[in-house]
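So that the names make sense, note that chain A is the first sequence line, chain B the second, and so on, each numbered from 1. All values derive from a computational prediction rather than experimental measurement.
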Protein chains: 2
Amino acid sequence: MKDVAAAAGVSLGTVSNVLNRPAVVSAATRERVERAMAELGFVRNESARQLRAGTSRALAYVMLDGGNPFFHDVAEGIETAAEDADLSLFVCNSSGRTEREAKHLDRLLQQRVQGILITPVDPDAPHLADLAQRGLPFVMVDRFSRAGGHCSVAVDDVLGGRIAVEHLIDRGHRRVAFVGGPASIGQVRERLQGARAVWAEFGMPEEDLIHLPTEALTVNEGRSAGERLAGLPSRRRPTAAFCANDLLALGLLQHAVTAGLRVPDDLAIVGFDDIDFAAAAAVPLTSVRQPRQELGRTAARLVLDEATNPGHVHEQATFVPALVARASTGTVRR
Amino acid sequence: MKDVAAAAGVSLGTVSNVLNRPAVVSAATRERVERAMAELGFVRNESARQLRAGTSRALAYVMLDGGNPFFHDVAEGIETAAEDADLSLFVCNSSGRTEREAKHLDRLLQQRVQGILITPVDPDAPHLADLAQRGLPFVMVDRFSRAGGHCSVAVDDVLGGRIAVEHLIDRGHRRVAFVGGPASIGQVRERLQGARAVWAEFGMPEEDLIHLPTEALTVNEGRSAGERLAGLPSRRRPTAAFCANDLLALGLLQHAVTAGLRVPDDLAIVGFDDIDFAAAAAVPLTSVRQPRQELGRTAARLVLDEATNPGHVHEQATFVPALVARASTGTVRR
DNA sequence: GGGTGGGATTGAAATGTTTCAACTATCCTG
DNA sequence: CAGGATAGTTGAAACATTTCAATCCCACCC
């Protein structure tokens, strides 16, 4: 800026005015300054601006699993909202590892981001409580914590579980597997809880809703669950599976097809999230849709409100999931 | 830092020493300062550090399509390398839109990142030339530009096209479709070029390698290509398709299966990239593998070399793609 | 007791912006 | 023509850190 000022024959303050309050400087000077900037290839130094401002013009989203398209879609939603507010978005990926998450948060704190959106590995981890108590605006995405003291955005997972299993009962299934784990993930617990609730309401025997636990919510784990499922004695073998997310469902689907099972006739499958690959699977996957972009946009809205509005009150936004029925549960069982 | 210094009864300089050269300060003072930092919840201000240092401790990757898992894997590779060098990585997504890419680059320039890795929308866009001429280290990932003046990292796409089509010829196919577009994407052109080269070398008639153009490299476009393919008169209809990437291949696969075609018997399919979903498809997809993480790691290595080593010379790293044969091309045609 | 060496600490400058009170020049009004 | 309003411009302070030359203090040696 000093060089620009010299080149244009004006003071530093004027250059700053051109940048920040163009209206107050005369057209002629403005033009001269702008030409000087172009000639010198001037680029504003963001760190100096930040230092002066005390905060960076950025939000951050720390996502749980970059390999899961679901989170990518959430990030898209956040990004559109951030763009509207003229903020940058830093996207970080904890890959499900607590220490990586902590490292990212640490860095973001040092960057003085305006707010943090996070889908945490563990919603009750102490480093999250630190954040809140530091007064940094933050919003939990797709998770709740017992603690409170912050906003959160998620769908009603219990309801999602109910919808999925009710759909299967509707289709005539009387023995159903719930595929998902580990139980440390709140989502998994709640989806299972919803599943069990409808199951009981329809008067089905408890032991006919079989829980096949997995170690993670990945395609690989879905395949391995498929193997275990195939290994069950045929009179105990479920005719349908409700998977805690679409990656599991895709893995299970793949195993089923390779093993020569017909989907949905031999095995019906319901996933969760409704990622784009679900519709694109060779047997298009019935899934419980979450409003992914909407989730992201709302989260961004909340964090911005917390950052700018002194009268902000924390809010737990809950969205309603919806069943998207496709071929993988297509036929009614006799 | 001022507060910390006051609390610990030392000068600013000493606090800085504790942070940056702990060895020079006596154990007792260090301990006192560290306690003060903990008590006050001190967090280093990154913008001030940057302002002083003149550059941020970060790299950036601007990817072309966040919805394509391929780029996510590349980003993972970059991130591991960045972590080793103790740098942050900013991941941005241009979503294939030039103006968004330009906006991201502009921001990154303002942030004074140490280097930029980019899979550009158009490798010859003027704003990329600007970068190079500004002296900012940057590396093109998965793309080449005619211009030179920078490093790049990619696989040999012509060879990839050769491998794919040779595999199909091997399997007995005599009429093959190439699915991909738009031609503005260098990758697409080169993969097609490789395909045509082997096709000619094996003495096949040119008109039996049919180009089905697409508007983008997405699952949806793959499906629509499937419709066009099914619409061909049966004596012109190919028995196999080589798709410019896996998303197209998955879309095509889905359409084929829904339309009642058997894969690979009625239609064999080869994709490109070997993303995780390829193996997980209901008919596991034969694909040309790119070393995705390796690509990212190498790109990061190159940009760091350019940033730190004054004797740096630009390098065009080329990797060799490999065929991963799976069920979608499983049987030899009579 | 004076001098030396070295470890520990300090103070000041520098980094590139933004902001705001103060200043100048110009024009208008009575 | 004095006085005041207005538009445009300026200068200095502040932001939080790092660096480095300078200083201080102490132990040790002759």
Side-chain angles (χ1 to χ4, degrees), chain A residues 1-37 40-58 86-88 106-114 134 136, chain B residues 1-37 40-58 86-88 106-114 134 136:
Chain A
M1 270 175 62
K2 210 156 50 178
D3 295 349
V4 171
V10 297
S11 77
L12 252 186
T14 300
V15 178
S16 175
N17 281 337
V18 171
L19 254 14
N20 301 302
R21 285 177 238 64
V24 316
V25 7
S26 74
T29 336
R30 190 178 341 134
E31 224 258 324
R32 208 144 31 92
V33 171
E34 271 161 0
R35 199 165 37 231
M37 295 202 291
L40 296 175
F42 168 76
V43 177
R44 246 159 142 158
N45 184 319
E46 180 65 24
S47 7
R49 300 186 72 189
Q50 275 180 34
L51 175 58
R52 180 61 228 241
T55 169
S56 78
R57 314 195 35 72
D86 199 32
L87 294 173
S88 309
D106 203 51
R107 271 209 253 263
L108 294 171
L109 229 45
Q110 297 187 192
Q111 306 258 10
R112 303 289 193 270
V113 292
Q114 302 221 343
R134 264 219 160 70
L136 183 68
Chain B
M1 269 176 64
K2 210 155 53 177
D3 295 349
V4 171
V10 297
S11 76
L12 253 185
T14 301
V15 178
S16 175
N17 282 337
V18 171
L19 253 15
N20 301 303
R21 288 176 236 63
V24 317
V25 6
S26 74
T29 334
R30 189 179 341 137
E31 225 260 324
R32 210 145 28 93
V33 171
E34 273 161 358
R35 198 163 41 229
M37 295 202 292
L40 296 175
F42 167 76
V43 177
R44 248 159 139 156
N45 183 320
E46 181 64 24
S47 10
R49 300 187 73 189
Q50 275 180 35
L51 174 57
R52 179 65 229 241
T55 169
S56 79
R57 315 194 36 69
D86 199 31
L87 294 173
S88 309
D106 203 52
R107 269 209 256 263
L108 294 170
L109 229 44
Q110 297 187 192
Q111 306 260 7
R112 302 288 193 270
V113 292
Q114 303 221 340
R134 265 219 159 69
L136 183 69

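- Comparing B/R52 and A/V15 by the nucleotide of DNA chain C that holds the closest heavy atom to each, the one mapping nearer the 5' end is B/R52.
- Contacts of B/T14 with the nucleic acid, taken as non-hydrogen atoms under 4.0 Å apart, include base atoms.
- Under the side chain to side chain contact (heavy atoms under 4.5 Å, CB included) criterion, B/S26 pairs with B/A28, B/T29, not counting sequence neighbours.
- At a threshold of 4.0 angstrom between heavy atoms, the contacts of B/S47 with the nucleic acid are absent.
- Across every non-hydrogen atom of A/S56 and A/Q114, the tightest pair is O-CG, 2.9 Å.
- Checking B/V33, B/V24, B/V4 one by one against B/V18, the side chain to side chain contact (heavy atoms under 4.5 Å, CB included) holds for a single residue, B/V33.
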(Q) Walk me through whether B/V25 and B/R32 qualify under side chain to side chain contact (heavy atoms under 4.5 Å, CB included). (A) CA-CA 11 Å; B/V25 6; B/R32 210 145 28 93; over 6 Å; no
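- For B/S88, the side-chain hydrogen bond (donor to acceptor under 3.5 Å, both in side chains) partners two or more places apart in sequence, or in a different chain, are A/R107.
- Protein chain A touches strand DNA chain D; the 5'-most and 3'-most nucleotides with an atom under 4.0 angstrom of its non-hydrogen atoms are D/dG8 to D/dA16.
- Rounded to a whole Å, the CE atom of A/M1 is 14 Å from the P atom of C/dT15.
- The side chain to side chain contact (heavy atoms under 4.5 Å, CB included) test applied to B/V43 returns A/L109, A/Q110, A/R112, A/R134, not counting sequence neighbours.
- Minimum interatomic distance between B/A48 and A/L51 (heavy atoms only, all atoms of both residues): CB-CD1, 3.8 Å.
- The CZ atom of B/R49 sits 19 Å away from the P atom of C/dT15 (whole-angstrom rounding).
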Q.
Base contacts versus sugar-phosphate-only contacts with protein, heavy atoms under 4.0 Å: please encode nucleotides 20-25 of chain C as B, S and - from 5' to 3'.
A. ------
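- Which of C/dT18, C/dT9, C/dG16 sits closest to the side chain of A/L51 comes down to C/dG16.
- Residues B/L87 and B/A58 approach most closely at CD2-N, 4.0 Å, considering heavy atoms.
- Checked for salt-bridge contact, A/R30 and A/E34 miss the test: no charged N lies under 4.0 Å from a carboxylate O.
- Here the closest non-hydrogen pair linking A/S47 and B/Q50 is OG-OE1, 3.4 Å.
- A straight line from CD of B/Q110 to P of C/dT18 spans 10 Å, rounded to a whole angstrom.
- Each of B/V25 and A/A48 lies near DNA chain C, and the nucleotide nearest B/V25 is the one positioned closer to the 5' end.
- Residue B/T14 holds its OG1 atom at 10.5 Å from CZ of B/R21, rounded to the nearest 0.5 Å.
- At the phosphate of C/dT17, neither OP1 nor OP2 sits under 4.0 Å from any side-chain N or O atom of A/N45.
- A close approach under 4.0 Å does not occur between any side-chain nitrogen or oxygen of B/S26 and OP1 or OP2 of C/dA8.
- Atom C1' of nucleotide C/dT17 and atom CG of A/D3 are separated by 14 Å, given to the nearest angstrom.
- Listed in residue order, the members of residues 4-11 of chain A having a heavy atom less than 4.0 Å from DNA chain D are A/V10, A/S11.
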